[in-house]
Amino acid sequence: MRRIKVLKPVLVSNQQRAKENRQAFDRLNSLVINIIASPGAGKTSLIKGIIEKLKNKYRILVIEGDIRGQIDSEMISKLGVDVIQINTVTECHLDAFMAAQALPKIKKKYDLILVENVGNLVCPAEFEIGEDYKLAMLSCPEGDDKPMKYPLLFHLAKVVVINKCDLLPYLDFNIVEAKKAVRKENPRAIIFEVSSKTGAGFEEICRHLEKELNAKKKKTAG
Ligand SMILES: Nc1nc2c(ncn2[C@@H]2O[C@H](COP(=O)(O)OP(=O)(O)O)[C@@H](O)[C@H]2O)c(=O)[nH]1
Ligand SMILES: [Mg+2]
C-alpha cells in the first residue's frame, strides 16, 4: 500500500492563506483572537462576559465556528454585537480558508474580533486562521492534566484561561498543578483564573485585552 503524505502541504497552504487573512485583519486595525477549548469549557460564556464589559467602548465582531447550527451566534446577537457564522460541516476545526469566508462579510471596522473555534483541543491548534494570538481555555471539570495531554495548544497559546473556578471546592482539580503543566509547555503563557458564572477574573482579562487592543492600534497605525 502506498501512503500519500498530504499533511505538510495542507498546513503550508493553510499558513499562506492565514498570512493573507492576517494582512486583511491588519488593514481593518482589528485585534483577532482565536479561542480554542473543549466543547462545554465555556468559550461562549467567556465571549459573552467580554462583550458585556467592553461593548460600550469597543466595536466587537464575533466569528462563530461550529460543525452545524447557529445556537451560539443567536445568543451572541442578542447582546447587540455583530456575528458571522461559519459551519465547518465535517471538519473539527476552523482553517484559514474557512476564516477567509468571513472576510467579504466584514463590512466595517472592528476593534476586536473574537473567533470561537470548534470545540476541540487538538486540530484547531494546528491550523492558523490569521489570528493575532490563540487563547486556550481549560475548565476545571476537565481535569488538571489536560495541558500535558494536549501540549500543542498550550504551547502555542499566548493566553490560557482556566474557567469554572467557582467549581473548585467540588472537584479534585489542582490549580497549582494545572498552572505548572501549562508553564512546562509554555513558560510565557499569560494565565487567568476565571469564573464566567460569577464574573471573577473578568476585570483582569479585560484589562489585558485593552492593553492588547492599544498595542494593535499602534502597530497597525504605524
Ligand atoms: N459553573 C460554571 N459553569 C459555567 C462556567 N462557564 C460556563 N459554564 C457553563 O458551562 C456550559 C457550557 O458553556 P459554554 O460557554 O456554552 O461552553 P462552550 O461550548 O465552550 O462554548 C454552560 O451550561 C455554561 O453555563 C463557569 O465559569 N462556571
Ligand atoms: Mg460555544
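Start at 1 and go down the list; that is how both ligands and their atoms are numbered.
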So, [X] and the Mg ion (ligand 2): N/O/S under 2.8 Å, yes or no?
X	result
E64	no
T44	yes
E116	yes

Checklist line | Shell of residues surrounding ligand 1, defined by a 4.0 angstrom heavy-atom cut-off that is strict | finding: S38, P39, G40, A41, G42, K43, T44, S45, E116, N163, K164, D166, L167, S195, S196, K197
Less than 3.5 Å apart, any donor N or O on the side chain of [X] or [Y] sitting next to an acceptor on the other?
X	Y	result
S195	D166	yes
Y110	N29	no
S38	E142	yes
N117	N34	yes

Next item on the list: Measure from the Mg ion (ligand 2) to every N/O/S atom of D72 and report the name of the nearest one.
Entry: OD2
One thing to verify: whether [Y] and [X] come together as a salt bridge, which I'm taking to mean a side-chain N less than 4.0 angstrom from a carboxylate O.
X	Y	value
D111	R59	yes
E128	R17	no
E177	K180	yes
D72	K43	no

